[in-house]
Amino acid sequence: MNNQRQRIMAVLKAGGSLTDNEARDNLGIERLGARICELRKMGHPIGDKWEKGHNRFGDDTKWKRYFLVMGGPDNAIQDHNPGQAAELE
């Protein structure tokens, strides 16, 4: 596993979750979606959900938050703490 995937999994296994911006700002990862795709192909049960908010100009926007799925894919129970990546840095 490469260093970026290791950093992502460390955050997710600690009960955290990540957005694109959090991965870039806290972990130095520019293409989180690509790394998540690779991790899923390796068999890691990573879920996602859309979040909505506003950008710095006040415009409506949305983004994905990624987390480990506990209980297998059929149960899809999300177990994450938003923003934990910042605490782990």
Side-chain angles (χ1 to χ4, degrees):
M1 199 176 318
N2 76 19
N3 288 339
Q4 289 188 358
R5 291 190 299 246
Q6 289 171 340
R7 289 194 300 263
I8 292 166
M9 288 306 298
V11 170
L12 300 184
K13 285 180 177 179
S17 63
L18 285 170
T19 66
D20 224 22
N21 285 343
E22 291 167 350
R24 183 185 59 250
D25 296 345
N26 300 321
L27 303 176
I29 298 171
E30 292 292 333
R31 298 188 61 224
L32 177 62
R35 301 296 79 81
I36 293 293
C37 183
E38 293 166 358
L39 288 164
R40 285 174 170 162
K41 286 180 181 178
M42 294 170 72
H44 295 284
I46 299 174
D48 60 65
K49 70 173 185 173
W50 284 104
E51 294 183 345
K52 296 179 183 180
H54 304 284
N55 64 19
R56 63 183 171 182
F57 304 108
D59 300 326
D60 291 338
T61 188
K62 62 182 180 177
W63 56 88
K64 279 197 174 181
R65 178 170 296 281
Y66 298 96
F67 51 88
L68 279 182
V69 176
M70 303 302 192
D74 294 333
N75 295 327
I77 300 169
Q78 63 188 49
D79 181 24
H80 70 281
N81 297 315
Q84 183 152 354
E87 296 171 15
L88 294 177
E89 187 176 49

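Source: prediction; values computed, not measured. For reference, positions follow the sequence shown, starting with 1.
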(request) Verify side chain to side chain contact (heavy atoms under 4.5 Å, CB included) between L32 and R24, making sure each step is shown before the conclusion. (result) CA-CA 8 Å; L32 177 62; R24 183 185 59 250; over 6 Å; no
(request) Mind checking side chain to side chain contact (heavy atoms under 4.5 Å, CB included) for K52 and listing every partner two or more places apart, or none if nothing turns up? (result) K62
(message) Between W63 and I36, is there shared hydrophobic-cluster membership here, with clusters defined by ILVMFWY side-chain heavy atoms closer than 4.5 Å?
(response) no
(request) Would you name the heavy atoms of F67 and S17 that are closest together and state the gap between them? (result) CB-CB, 4.1 Å
(request) Might you point out which heavy atoms bring R7 and G28 nearest each other, and give the distance in Å? (result) NH2-O, 4.3 Å
(message) Rounded at 0.5 Å granularity, tell me how far NZ in K49 sits from OG1 in T19.
(response) 11.5 Å
(message) Holding to side chain to side chain contact (heavy atoms under 4.5 Å, CB included), I want the full list of residues that pass it with D59, two or more places apart in sequence or in another chain.
(response) N55, F57
(request) Specify the closest pair of heavy atoms between D20 and E30, including all atoms of both residues, with the distance to one decimal. (result) OD1-O, 4.3 Å
(request) Would you sort out whether R31 and Q4 count as a side chain to side chain contact (heavy atoms under 4.5 Å, CB included), showing the intermediate values? (result) CA-CA 10 Å; R31 298 188 61 224; Q4 289 188 358; over 6 Å; no
(request) Compare all side-chain heavy atoms of I46 with those of V69 and state whether any distance is below 4.5 angstrom. (result) no
(request) Would you check, one step at a time, whether the test side chain to side chain contact (heavy atoms under 4.5 Å, CB included) holds for L27 with L18? (result) CA-CA 10 Å; L27 303 176; L18 285 170; 3.7 Å; yes
(request) Could you tell me the separation between the CG atom of L39 and the CD atom of Q6, rounded to the nearest 0.5 Å? (result) 10.0 Å
(message) When you compare the side chain of L68 with that of M9, does any pair of heavy atoms fall below 4.5 Å?
(response) yes
(request) Please collect all salt bridge (charged side-chain N to carboxylate O under 4.0 Å, His left out) contacts where either partner lies in residues 32-42, sequence neighbours excluded, each pair once. (result) R5-E38, R35-E38, R40-D48
